[in-house]
Amino acid sequence: MSAVRVILAAGGTGGHVFPAIGLAEALSKRGHSVLCLTDTRAIDLQPAVRSWDVQCIPAVSFSGRGIRLKIRAFWTLIKGVFVSRYFMKKFDAEIVVGFGGYPTVAPIIAAFISRSIIILHEQNAVLGRANRWLSSVAHIIATSFELTRGLNDKHSKTVMVGNPVRNEMKKARSSSYPIIKADNKINILVIGGSAGAKILSDTVSKALLLLPTSLRKNLLLTQQCREEDLSRVVAIYKKAKQKSDIKTFFDNISEKIKNSHLVISRSGASRVAELSVVGRPAILIPYHFALDNHQKINADAMVKSGGAWSFDESNLQPKALANFLEEILTDHETLRSAAHASRNFGTPKSSEVLADLI
């Protein structure tokens, strides 16, 4: 098969960028040429060693209020289209794959003008707003879930491929669920989105300290915190003499997930995909203000598989979470069973399936 030239356009958050990286790795391995277009937020999310180029394009969200912000967003979009067309012509792209987020709008419009083949990938169980708006010009819409809300009459061009994950997550899948022995620590990993989450810093830390001392002394906590919460959470655990590793960001997140017995996390699509590919049980706390409530729907899918439990953050109390944690942390068979269900829910070959489609 001859090599093709593919542009991947992704919004600047991990939820959009990580699946694009997963596909870029699969395409590059097959000898295809890849160019990623994104905004400035995504530069630090890209792997330091990679075989594809990354370029930033002008992008501003249309969600800002006020006519001046709308006008600014419109002109930034126009500029983004021209910049995208420049990179498309220079790269001589044949196919453009959009992964959602407002920075994908300009490249997909440019691809439509250039008459390139357009594929959209939706990570969530609900079609995102950018993908919804662009879906009419797409040749194919690749989904991560069997049932994706918001597709309406577009089923004829929809293909379920799963959500691509990075190679490091697929490698971690080869490690079996760590056995919990009497003399071993139970590893609990607490992670939010790319910037952390206040409820995980506050409610989860309080819940963990409500656990019986006899149980808590056997726990090793690894927790991601927002910068503004870091010193406070560190002080809480230090005062309680709780063994923990607290940071704003973990570079080796695949290792952290692989070594965990239980993960407490938000339920963004990429996080759900990573947890299930590695095969680790999770307590999911969907972000209450996520657009179209997509995080709850993502969580519901994993809960239905038996690989996770979900709590609504709007009424989550530390005591209720502590009671649940005590129940499952003392029931090792339940954790093992959930880990098995989580692994079965995962789609580790999504990158390859999407590469096949291209």
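- Using a 3.5 Å distance cut-off with no hydrogens or angles, the side chains of Gln295 and Arg266 do not pair a donor with an acceptor.
- Note that CD1 of Ile43 is 3.5 Å distant from SG of Cys56, once rounded to the nearest 0.5 Å.
- Residues that satisfy the side-chain hydrogen bond (donor to acceptor under 3.5 Å, both in side chains) test with Asn293, not counting sequence neighbours, are absent from this structure.
- Note that the SG atom of Cys225 and the NZ atom of Lys247 stand 12.5 Å from one another [nearest 0.5 Å].
- Distance check: Ile358 CD1 to Ile119 CD1 gives 5.0 Å after rounding to the nearest 0.5 Å.
- The two residues Pro47 and Trp52 come nearest to each other via the heavy atoms CG-CZ2, 3.8 Å.
- Ser337 is linked by a side chain to side chain contact (heavy atoms under 4.5 Å, CB included) to nothing, counting only residues two or more places apart in sequence or in another chain.
- Separating the CD1 atom in Ile141 from the CG atom in Leu134 is a distance of 9.5 Å, to the nearest 0.5 Å.
- Contact detail for Ala42 and Val17: the closest heavy-atom pair is CB-CG2, 3.6 Å.
- For Glu352 and Lys29, the salt-bridge test fails: no basic side-chain N is under 4.0 Å from an acidic carboxylate O.
- When hydrophobic residues (I, L, V, M, F, W, Y) are linked wherever their side-chain heavy atoms come within less than 4.5 Å, the members clustered with Ile297 are Val126.
- Side-chain atoms of Asn298 come within 3.5 Å of backbone N or O of Ser267 as a donor-acceptor pair.
- A distance-only check finds no donor-acceptor pair linking the side chain of His16 to the backbone of Ala10 [under 3.5 Å].
- The backbone N or O of Glu25 sits nowhere less than 3.5 Å from a side-chain atom of Ser28 that would complete a donor-acceptor pair.
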field: Residue pair Leu127, Arg149: steps toward the side chain to side chain contact (heavy atoms under 4.5 Å, CB included) verdict
entry: CA-CA 6 Å; Leu127 198 64; Arg149 300 186 188 183; over 6 Å; no

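- Listed by chain and number, the residues in a salt bridge (charged side-chain N to carboxylate O under 4.0 Å, His left out) with Glu122 amount to none (sequence neighbours excluded).
- Around atom CG of Asp312, more than 12 heavy atoms belonging to other residues, nucleotides or ligands sit under 6.0 Å away.
- The minimum heavy-atom distance linking Ala338 with Trp309 is given by the pair CB-CH2, 3.6 Å.
- The closest side-chain heavy-atom distance from Ile180 to His261 is below 4.5 Å.
- Proximity of Thr148 to Leu151: side-chain heavy atoms (C-beta onward) are separated by under 4.5 Å at one or more points.
- Judged by distance alone, the side chain of Thr143 and the main-chain N or O of Phe145 form a donor-acceptor pair under 3.5 Å.
- Panel note: side chain Lys349, backbone Pro164; no donor-acceptor pair is recorded below 3.5 Å.
- At distances below 3.5 Å, at least one donor-acceptor pair connects side-chain atoms of Asn259 with backbone N or O atoms of Glu255.
- Note: Phe99 and His121 have tilted aromatic rings, judged against thresholds of 30 and 60 degrees for the angle between ring planes.
- Residue Glu146 qualifies as open at atom CD: its count of foreign heavy atoms under 6.0 Å is 12 or below.
- Two residues are said to be in side-chain contact when any heavy atoms from C-beta on lie closer than 4.5 Å; Met302 and Leu275 meet this criterion.
- Residues Ile236 and Ser205 approach most closely at CD1-OG, 4.4 Å, considering heavy atoms.
- Remark: Phe87 engages no residue in a ring pair (Phe, Tyr, Trp, His ring centres under 6.0 Å) (not counting sequence neighbours).
- Taking 4.5 Å as the limit, some side-chain heavy atom of Ile285 sits within range of a side-chain heavy atom of Val204.
- Across every non-hydrogen atom of Lys157 and Ala138, the tightest pair is NZ-O, 3.0 Å.
- Counted within 6.0 Å of CZ on Phe91, heavy atoms from surrounding residues, nucleotides or ligands total more than 12; the atom is thus considered enclosed.
- Side-chain atoms of Ser254 and Ile257, non-hydrogen and from C-beta on, never get closer than 4.5 Å to each other.
- Ile188 is not listed as a side-chain neighbour of Thr222, based on a closest heavy-atom distance of 4.5 Å or more.
- With hydrogens and angles ignored, the 3.5 Å screen pairs a side-chain donor or acceptor of Gln242 with a backbone N or O of Leu219.
- The pair Glu313-Lys198 does not meet the salt-bridge criterion, since no charged nitrogen lies less than 4.0 angstrom from a carboxylate oxygen.
- Using a 4.0 Å cut-off between charged side-chain N and carboxylate O, Lys256 and Asp245 make a salt bridge.
- When atom types are taken as modelled, the side chain of Arg5 and the backbone of Ser33 share no donor-acceptor pair closer than 3.5 angstrom.
- Classified by interplanar angle (parallel below 30°, tilted 30° to 60°, perpendicular above 60°), the ring pair Phe324/Phe311 is perpendicular.
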field: Arg85 vs Ile113, side chain to side chain contact (heavy atoms under 4.5 Å, CB included): CA-CA, chis, key distance, verdict
entry: CA-CA 9 Å; Arg85 287 209 72 191; Ile113 294 171; 3.5 Å; yes

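- Looking only at side-chain heavy atoms (C-beta outward), Leu325 and Ile283 come within less than 4.5 Å of each other.
- Within the 3.5 Å criterion, the main-chain N or O of Gly15 finds a donor-acceptor partner in the side chain of Ser270.
- A side-chain hydrogen bond (donor to acceptor under 3.5 Å, both in side chains) check over residues 316-332, counting only residues at least two apart or in different chains, returns the pairs Asp331-Thr334.
- In this structure, Arg50 places its CZ atom where more than 12 heavy-atom neighbours from other residues, nucleotides or ligands lie under 6.0 Å away.
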Evaluation steps, side chain to side chain contact (heavy atoms under 4.5 Å, CB included), between Glu168 and Ile253: CA-CA 9 Å; Glu168 60 180 283; Ile253 192 63; 4.2 Å; yes

- request: Starting from the C-alpha separation in whole Å, work towards a yes-or-no answer on side chain to side chain contact (heavy atoms under 4.5 Å, CB included) for Leu8 and Leu35.
  value: CA-CA 6 Å; Leu8 309 182; Leu35 169 65; over 6 Å; no

field: Trace of the salt bridge (charged side-chain N to carboxylate O under 4.0 Å, His left out) decision for Arg30 with Asp356
entry: CA-CA 10 Å; Arg30 298 183 184 198; Asp356 288 341; 2.8 Å; yes

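- For the atom pair CG (Asn218) and CG (Leu329), the distance works out to 10.5 Å, reported to the nearest 0.5 Å.
- Counting only heavy atoms from C-beta outward, the side chains of Ile186 and Leu262 never approach each other to under 4.5 Å.
- Residues Val159 and Val4 are members of one and the same hydrophobic cluster, defined by side-chain heavy-atom contacts under 4.5 angstrom among Ile, Leu, Val, Met, Phe, Trp and Tyr.
- Salt-bridge formation is detected for the pair Arg271/Glu274: a Lys NZ or Arg NE/NH1/NH2 atom is positioned less than 4.0 Å from an Asp or Glu carboxylate oxygen.
- In this structure, the side chain of Ser342 does not engage the main chain of Gly307 through any donor-acceptor pair within 3.5 Å.
- Of the charged side-chain nitrogens involved, none lies within less than 4.0 Å of a carboxylate oxygen, so that Lys206 and Asp202 do not count as a salt-bridged pair.
- Rounding to the nearest 0.5 angstrom, the gap separating the CD1 atom in Ile246 from the NZ atom in Lys238 is 13.0 Å.
- Ring centroid separation for the pair Tyr177 and His340 does not come in under the 6.0 Å cut-off.
- When every heavy atom of Asn124 is checked against every heavy atom of Ala269, the shortest pair comes out as OD1-CB, 3.3 Å.
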